[in-house]
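Note that the coordinates shown come from a computational prediction; the quantities given were computed from them, not determined experimentally. We count ligands from 1, going down the list as the structure has it; atoms in each ligand are counted the same way.
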Amino acid sequence: MALPLVQVAALSLIAGVASHLTYFIHGEHMLTAYKLVIAALLYPPTVVVLLTTLTGLPLSHAVQLTSVNYGAYMTALFTSILTYRAFFHPLRHFDGPKLARLSQFYHFFRIRAKVDNYRHLDRLHAQYGEYVRVGPNLLSISDPDMIEVIFHPQSNFNKAEWYDIANPLLNLVQLRDRAEHDRRRRHGWDLAFTTKALRSYDSRVIKYADQFVAQMQRRAGEAINVTNWLEWYAFDVMGDLAFGRSFKALEKGQSHIYIDTMHQTSALPLGCLGTLPWVIQTMTALVPPRLNPFMTLVRYSDECIEERKQRKPTEPDIMTPILAAGPFYEDPKADALLLVGDARLIIIAGSDTSASALIHSFYELGRDANVVQKIREELEQHGIRNDDSLSITQLQYCEYLNAFINETLRMHPTNPGGLFRLTPPGGVKIGGHYLPGGVKVVNPHYTVLRSPKAFVAPNEFIPERWTTRPELIRNKKAFCPFSQGRFACIGRNLALNELRAVISKSVLEFDISFAPGETGRALLEDSKDIFTMSLAKLELRFTKRSRT
Ligand code: HEM
């Protein structure tokens with residue numbers, strides 16, 4: 001029996017367009033993407049086998065028929081998708097690279113070599129303005145006035161599908177449902193970050209700041225790669241506060257497999273494929289867990305949390321109230337997944353971010369001895385010395401120190417490419433155009449925080465803009481390094497304490513300068529944007545301070 005090829009082709013074309021207009025055009029498909037990929041791969045051989053065995057069709061004809069059917073369906077589907085993206089998508093009015101409107105892979109190909117997402121976005125904004133279509137359904141917004149609109153506590157913008165990247169692994173930051181997220185915050189997390197809880201962590205923050213200073217003392221006068229040492233400080237603090245188990249990187253002067261694996265596993269998925277989360281989902285679903293290096297992190301966290309559950313720490317840690325709050329989900333499996341996810345989150349959210357802020361702070365200290373001098377003078381005016389009397393609470397009142405940290409976070413944001421959000425279900429007006437619900441937006445912090453609309457002399461490092469020269473700030477609301485609203489950083493005050501402690505102790509002990517040959521270029525230009533930053537080498541020299 002010879003099936004009419006023309007009819008098969010026509011029906012397949014119609015099916016291709018219909019499946020786009022009735023299914024693919026609506027909602028999110030990230031969590032089922034791997035199934036679609038498998039179906040697309042298995043469909044042709046399966047149909048050939050079925051046609052030859054069930055209908056007795058000769059193999060050559062079955063192959064021909066399947067090729068026509070598959071080819072026509074795929075051609076129609078992709079033609080329909082591309083036509084829609086080019087001419088009918090709600091973002092069609094926004095400017096941007098022509099190819100970016102057709103496929104998100106364009107963005108991937110532009111950033112894959114240097115893993116410099118935020119710099120690419122910055123270049124696009126310089127070329128196309130404050131609103132740039134950087135993908136078929138992704139609008140990058142560098143207008144500082146929009147930060148309030150998107151991130152205000154009352155804003156209805158929700159988290160985009162990017163937050164499902166590790167699904168079914170789950171944690172607090174990935175809970176996209178607001179009510180569920182709020183409930184989880186109240187279920188132990190908030191208690192772990194009260195003022196009282198933070199005070200109880202102070203001694204551990206001080207302990208690791210002292211270890212850092214002691215290691216620098218041993219290496220005084222030498223060129224030191226502070227990128228490693230400050231990263232180890234951030235990880236050691238979080239390991240201790242999350243699991244009561246420091247990574248001992250500072251003590252040993254060497255990295256830990258957890259830290260190394262985190263770097264190795266982040267560059268491709270988070271750095272290059274951050275705007276293509278469905279690809280990560282699909283890869284994760286198809287690669288056996290044994291071969292997935294990310295699972296090393298999961299297993300280590302699982303072990304730590306199991307061990308932590310068996311042991312009551314001498315001092316409370318972040319897990320204390322979270323464990324004390326008991327099960328969050330009725331389903332024990334879901335509950336266990338959330339618990340290990342949250343344990344992992346404490347390390348991931350608390351280490352890379354703080355490390356980036358720390359390393360850039362020391363870059364600024366090494367670059368300008370005047371800044372070191374000003375921080376030191378302020379500390380001494382407050383009677384603060386680097387000995388047992390130093391209290392983190394006192395440091396909170398040092399205006400210039402805090403201004404220095406603010407200015408570091410402004411010039412060198414820890415999530416420079418911004419956060420992914422979705423326009424609210426009822427739609428919203430953006431950049432003079434109405435956008436329906438479900439359009440993805442991102443706010444590239446690096447560009448927003450260097451906007452002349454928000455800051456005078458935006459490319460200059462001037463801590464005084466946060467103290468004596470407020471006229472240098474045009475829109476304070478553009479500055480929210482810890483985000484704001486319901487999804488804001490819960491670890492903000494802990495992070496600030498870590499920064500204040502190690503910066504203060506260091507400037508009280510040392511003169512800090514760039515090592516010979518260091519310019520800071522590598523740090524600023526070769527660091528990789530992996531949602532947070534994976535930082536390149538920075539060599540500084542710590543010289544025992546000559547007291548007059
Ligand atoms: C300078 C250091 C830090 C910066 C700039 C920073 C920034 C941020 C930002 C921007 C978010 C929002 C992320 C999003 O919406 O996708 C966030 C969330 C979060 N951060 Fe931080 N963070 C820092 C340090 C810390 C530390 C030390 C911890 C300690 C555990 C921490 C824990 C968290 C958690 C748990 C969330 C999720 C909060 C939620 O969804 O309710 N962060 N952080």
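- Contact annotation for Ser356 and ligand 1: no heavy atom of the residue comes within less than 4.0 Å of the ligand.
- Side-chain contact between Ile322 and Arg184 is present, with heavy atoms from C-beta onward closer than 4.5 Å.
- The side-chain heavy atoms of Glu130 and Lys453, taken from C-beta on, include a pair separated by under 4.5 Å.
- Checked against the 6.0 Å centroid criterion, the rings of His382 and Tyr397 do not qualify as a close aromatic pair.
- Counting heavy atoms under 4.0 Å from ligand 1, residue Gln174 does not touch it at all.
- For the atom pair CZ of Arg183 and CG of Asp177, the computed distance is 9.5 Å after rounding to the nearest 0.5 Å.
- Donor-acceptor pairing under 3.5 Å is lacking for the side chains of His360 and Thr408.
- Put simply, CD1 on Ile359 and CE on Met533 are 10.0 Å apart, with the number rounded to the nearest 0.5 Å.
- Checked against the 6.0 Å centroid threshold, Phe531 and Trp162 count as a close aromatic pair.
- Annotation: the span from Phe193 atom CZ to Cys489 atom SG amounts to 7.5 Å, rounded to 0.5 Å.
- Nearest non-hydrogen protein atom to atom 33 (C) of ligand 1 is Ala349 CB, 3.6 Å.
- Put simply, no part of Arg492 is less than 4.0 Å from ligand 1, judged by heavy atoms.
- Checked by distance only, ligand 1 and Arg185 come closer than 3.5 Å through their nitrogen or oxygen atoms.
- Nearest residue to atom 22 (N) of ligand 1 from Ser354, Gly418, Cys489 is Cys489 (criterion: closest heavy atom).
- Taking the six-membered ring wherever Trp is involved, the centroid distance between the rings of Trp466 and Phe479 falls below 6.0 Å.
- Short contacts between ligand 1 and Asn415, defined as distances under 4.0 Å to a heavy atom of the residue, involve ligand atoms 10 (C).
- Atoms CD and CG, from Glu498 and Asp236 in turn, are 10.5 Å apart once rounded to the nearest 0.5 Å.
- Closest to atom 34 (C) of ligand 1 among all protein heavy atoms lies Ile490 CG2, 3.8 Å.
- Shortest contact from atom 39 (C) of ligand 1 to any protein heavy atom: His181 NE2, 3.2 Å.
- The structure places NZ of Lys309 at 12.5 Å from SG of Cys304, a figure rounded to the nearest 0.5 Å.
- Contacts of Leu345 with ligand 1, taken as heavy-atom pairs under 4.0 Å, involve the side chain alone.
- Judged by a 6.0 Å distance limit and a 45° cone about the ring axis, Lys159 is positioned over the six-membered ring of Phe487.
- The shortest separation from a heavy atom of Cys480 to ligand 1 is not under 4.0 Å, leaving the residue out of contact.
- For atom 10 (C) of ligand 1, the nearest protein heavy atom (residue, atom name, distance) is Pro481 O, 3.4 Å.
- Nearest to atom 16 (O) of ligand 1 among the protein's heavy atoms is Tyr163 OH, 2.5 Å.
- Summary of contacts: the protein heavy atom closest to atom 23 (C) of ligand 1 is Thr353 OG1, 3.4 Å.
- Selection from Phe482, Phe420, Phe487, Phe151 by nearest heavy atom to atom 4 (C) of ligand 1 gives Phe482.
- Taking the side chain as every heavy atom from C-beta outward, Gln396 and Arg500 approach each other to under 4.5 Å.
- Any N or O atom pair closer than 3.5 Å counts here, and Trp189 shares no such pair with ligand 1.
- Only the side chain of Leu419 comes within 4.0 Å of ligand 1, judged by heavy-atom distances.
- For the pair Arg421 and ligand 1, the shortest N or O to N or O distance falls below 3.5 Å.
- Within the 4.0 Å heavy-atom criterion, neither part of Leu241 lies near ligand 1.
- By heavy-atom distance, the residue among Gly350, Ala242, Ala234 lying nearest atom 28 (C) of ligand 1 is Gly350.
- For atom 29 (C) of ligand 1, the closest heavy atom belonging to the protein is Met238 CE, 3.7 Å.
- Taking the centre and axis of the six-membered ring of Phe514, the NZ or CZ atom of Arg367 falls outside the cone set by 45° and 6.0 Å.
- Every atom of ligand 1 is numbered from 1 in the order shown, and the set under 4.0 Å from a heavy atom of Phe193 is 30 (C).
- If you check which protein heavy atom lies closest to atom 2 (C) of ligand 1, you get Ala495 CB, 3.5 Å.
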